[in-house]
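Sequence positions, counted from 1, serve as the residue numbers for this chain.
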Amino acid sequence: MRPSSNALLIQALALEVKARRAQLDLTQEDLAGRAELDRPYVSMIEVARKQPTLSVLHRLAGALDLSLAVFMRRIERRYQDLEKVRSSA
């Protein structure tokens with residue numbers, strides 16, 4: 001799989017996964033278990049080094065007690081915030 005041409009979007013995903021996991025007081029291991037993923041894969045997502053498939057995003061959303069739609073809206077908000085910061089710099 002090629003790297004994403006939209007690094008800000010992958011960063012927004014990373015920030016949302018990490019923030020929501022912390023909000024739920026879950027470790028990476030906890031989240032990985034809930035989503036049926038390997039802990040190193042969750043770690044790579046949280047540092048914006050992996051671009052997960054739609055199937056993985058769906059599993060992460062459920063593991064974070066969110067619907068896929070709500071999860072994606074939260075990522076979109078973070079993405080917009082990152083774009084604002086980038087454009088004002």
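- At least one side-chain heavy atom of Glu46 sits less than 4.5 Å from a side-chain heavy atom of Arg21.
- Put simply, the side chain of Leu57 reaches to within 4.5 Å of the side chain of Leu13, judged on heavy atoms.
- Put simply, the side chain of Leu82 reaches to within 4.5 Å of the side chain of Leu15, judged on heavy atoms.
- To the nearest 0.5 Å, atoms CG (Asp25) and CG (Asp30) are separated by 8.5 Å.
- Atom CG in Leu31 sits 10.0 Å away from atom CD in Glu29 (nearest 0.5 Å).
- Proximity of a side-chain donor or acceptor of Arg59 to a complementary backbone N or O of Glu36 within less than 3.5 Å is detected.
- Across all non-hydrogen atoms, the minimal contact from Val47 to Ala14 is N-CB, 4.3 Å.
- Considering every non-hydrogen atom in both Ser88 and Val85, the closest pair reads OG-O, 3.1 Å.
- A heavy-atom distance below 4.5 Å is not found between the side chains of His58 and Leu54.
- Going from atom CE of Met44 over to atom CZ of Arg49 covers 4.0 Å, rounded to the nearest 0.5 Å.
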- Give the intermediate values and the outcome of side-chain hydrogen bond (donor to acceptor under 3.5 Å, both in side chains) for residues Arg20 and Gln23. CA-CA 5 Å; Arg20 179 64 176 169; Gln23 186 178 38; 2.7 Å; yes
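- Arg78 is linked by a side-chain hydrogen bond (donor to acceptor under 3.5 Å, both in side chains) to Glu16, counting only residues two or more places apart in sequence or in another chain.
- The side-chain contact (heavy atoms from CB on, under 4.5 Å) check on Glu83 picks up Leu8, Tyr79, Arg86, with sequence neighbours excluded.
- Lys18 contributes atom NZ, which lies 14.0 Å from atom CG of Leu26 (distance to the nearest 0.5 angstrom).
- Listed for the Asn6 side chain is a donor-acceptor partner under 3.5 Å among the backbone atoms of Leu9.
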